[in-house]
Amino acid sequence: MLTTRFVNGAPNWLDVGTPDIDGAISFYGGLFGWRFQSAGPDAGGYGFFQLDGKTAAGGVQTTPEQGPPSWTVYFQSGNAEATAKAAEQAHGSVLMPPMDVMGEGHMAVLADKAGVPFGIWQPGRTKGVDVANEAGALSWVELYTPDIAAAAWFYHETLGLETAAVDFPGGTYTTVNPAGGGEDSMFGGIVPLAEDPSEDRAYWLPYFEVADTDATVARAQELGGEIRVPATDIEGVGRFAKLADPYGARFAVIKSAAPQT
């Protein structure tokens, strides 16, 4: 379960790169009730999406040379330099080397063996997002990859992540948790790319909790978003849908099932 009690290896930040930050502000504001706050004149246009005054994500306008519009998930690192080196040793790559971010922390953007980008954040003054696992906030992440075993090995070597196989109606799901965290600290899953016809490339997909999946999907359409997978129930998990914003950045929403007692 995602919380803001961050530990090394767990997601602690995410941001969207978009060709139209004003359009993205309008879309996500209309969808999740987020408000955008600039990080200041020295931040290159970067800013924070806030939910009731708490930071839920970041966002910045990007150019085509910086890659397609997309969400980037960041994982906590106790030492960004060491994590970047570990990624290289595990046959990944460093897309953006570790750098200080105005004293708020150190960040880097890496890629795994399959070329999937992800970020790392070594906390400074900013520990991570202020809200998680609530309506309008990050609640889960999934990696779509051509090789689950290779991905599990890479992220274990790089971030210390552990995986487990969980049975559910229709098959087995590979879950991910920080080192030593066990089932209670699961924050995501690894999904074989070939088994999901809706996915055409390997990437990390963020899930945002919502109060009503169907209403959120309808609102996303009204705001110019795309429905990639319509609202679908998973027994014991919840009702989810896969979407894309008007610029192509992919994300998912879920109304999680109530915990079983």
Side-chain angles (χ1 to χ4, degrees), residues 2 9-19 57 62 64-77 83-84 86-97 107-121 138-166 168 170-178 186-208 225-229 232 234 240-245 247-254:
L2 268 172
N12 64 349
W13 191 259
L14 75 164
D15 56 27
V16 65
T18 177
T62 54
E65 292 73 27
Q66 293 172 285
S70 61
W71 280 96
T72 299
V73 178
Y74 294 74
F75 300 85
Q76 179 164 303
S77 167
T83 301
E88 289 184 305
Q89 291 170 352
H91 311 296
S93 56
V94 176
L95 304 180
M96 182 184 295
M107 68 157 286
V109 179
L110 313 177
D112 66 20
K113 293 178 66 175
V116 176
F118 66 99
I120 53 174
W121 179 255
L138 183 69
S139 63
W140 193 254
V141 296
E142 274 181 343
L143 173 65
Y144 289 84
T145 181
D147 188 332
I148 285 184
W153 179 84
F154 172 86
Y155 287 100
H156 178 74
E157 293 296 305
T158 302
L159 293 167
L161 302 186
E162 299 171 346
T163 56
V166 176
F168 73 98
T172 300
Y173 186 79
T174 301
T175 61
V176 186
N177 60 267
M186 289 187 308
F187 62 73
I190 305 178
V191 182
L193 190 61
E195 291 186 11
D196 192 332
S198 71
E199 301 300 349
D200 55 6
R201 58 181 170 86
Y203 74 115
W204 280 99
L205 177 69
Y207 279 68
F208 297 97
E226 174 192 354
I227 300 175
R228 300 181 52 248
V229 174
T232 304
I234 301 179
F240 81 99
K242 293 182 183 179
L243 308 172
D245 70 20
Y247 312 101
R250 299 176 177 185
F251 65 99
V253 296
I254 186 168

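When a residue number appears, it is its place in the shown sequence, counting from 1.
Between Arg228 and Asp196 there is no salt bridge, since no side-chain nitrogen of the basic residue lies less than 4.0 Å from a carboxylate oxygen of the acidic one.
In this pair, Phe118 and Phe154 present their aromatic rings perpendicular. The plane angle is above 60°, beyond the 30 to 60° band. The aromatic rings of Tyr203 and Tyr144 lie parallel to each other, with less than 30° between the two planes, well short of the 60° mark. Between Phe208 and Phe251, the ring-plane angle classifies as perpendicular under the 30° and 60° cut-offs.
In this structure, CG in Leu205 is found 11.5 Å from OG in Ser70, a value given to the nearest 0.5 Å. The CG atom of Asn12 sits 10.0 Å away from atom CD1 of Ile120, with the distance rounded to the nearest 0.5 Å. We find the CG-OG1 distance between Leu110 and Thr83 to be 7.5 Å, quoted to the nearest 0.5 Å. One distance of note links CZ of Phe240 with OG1 of Thr232; it measures 4.5 Å at 0.5 Å rounding. Interatomic distance, OG1 of Thr158 versus CG of Asp112, reported as 8.5 Å (0.5 Å rounding). Once rounded to the nearest 0.5 Å, the distance linking CG of Leu161 with OG1 of Thr175 reads 11.0 Å.
For the pairing with Trp204, the ring-ring contact (aromatic ring centres under 6.0 Å, His included) check across Phe75, Trp71, Tyr74 returns one residue only, Phe75.
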Exercise for review: Would you please test Trp153 and Lys113 for side chain to side chain contact (heavy atoms under 4.5 Å, CB included) and show each step?
Suggested key: CA-CA 10 Å; Trp153 179 84; Lys113 293 178 66 175; 4.1 Å; yes
Review point. Is there a side chain to side chain contact (heavy atoms under 4.5 Å, CB included) between Arg250 and Glu199 once you walk through the steps?
Key: CA-CA 10 Å; Arg250 299 176 177 185; Glu199 301 300 349; 3.4 Å; yes
Point to revise | Residues Ile148, Thr163; criterion side chain to side chain contact (heavy atoms under 4.5 Å, CB included); working and verdict | key: CA-CA 10 Å; Ile148 285 184; Thr163 56; over 6 Å; no
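Nearest heavy-atom pair, Ala151 versus Leu143, reported as atom, atom and distance to 0.1 Å: CB-CD2, 3.8 Å. Here the closest heavy-atom approach between residue Ile254 and residue Ser139 is recorded as CG2-OG, 3.7 Å. Nearest heavy-atom pair, Pro19 versus Tyr247, reported as atom, atom and distance to 0.1 Å: CD-CB, 3.8 Å. The two residues Val109 and Met107 have their closest heavy-atom pair at CG2-CE, 3.8 Å. In plain terms, the two heavy atoms of Leu95 and Pro117 that are nearest each other are CD1-CB, 4.0 Å. Nearest heavy atoms, Leu193 versus Pro146: CB-N, 4.0 Å.
Looking at Thr174, its side chain never comes within 3.5 Å of a backbone N or O of Gly189 through a donor-acceptor pair.
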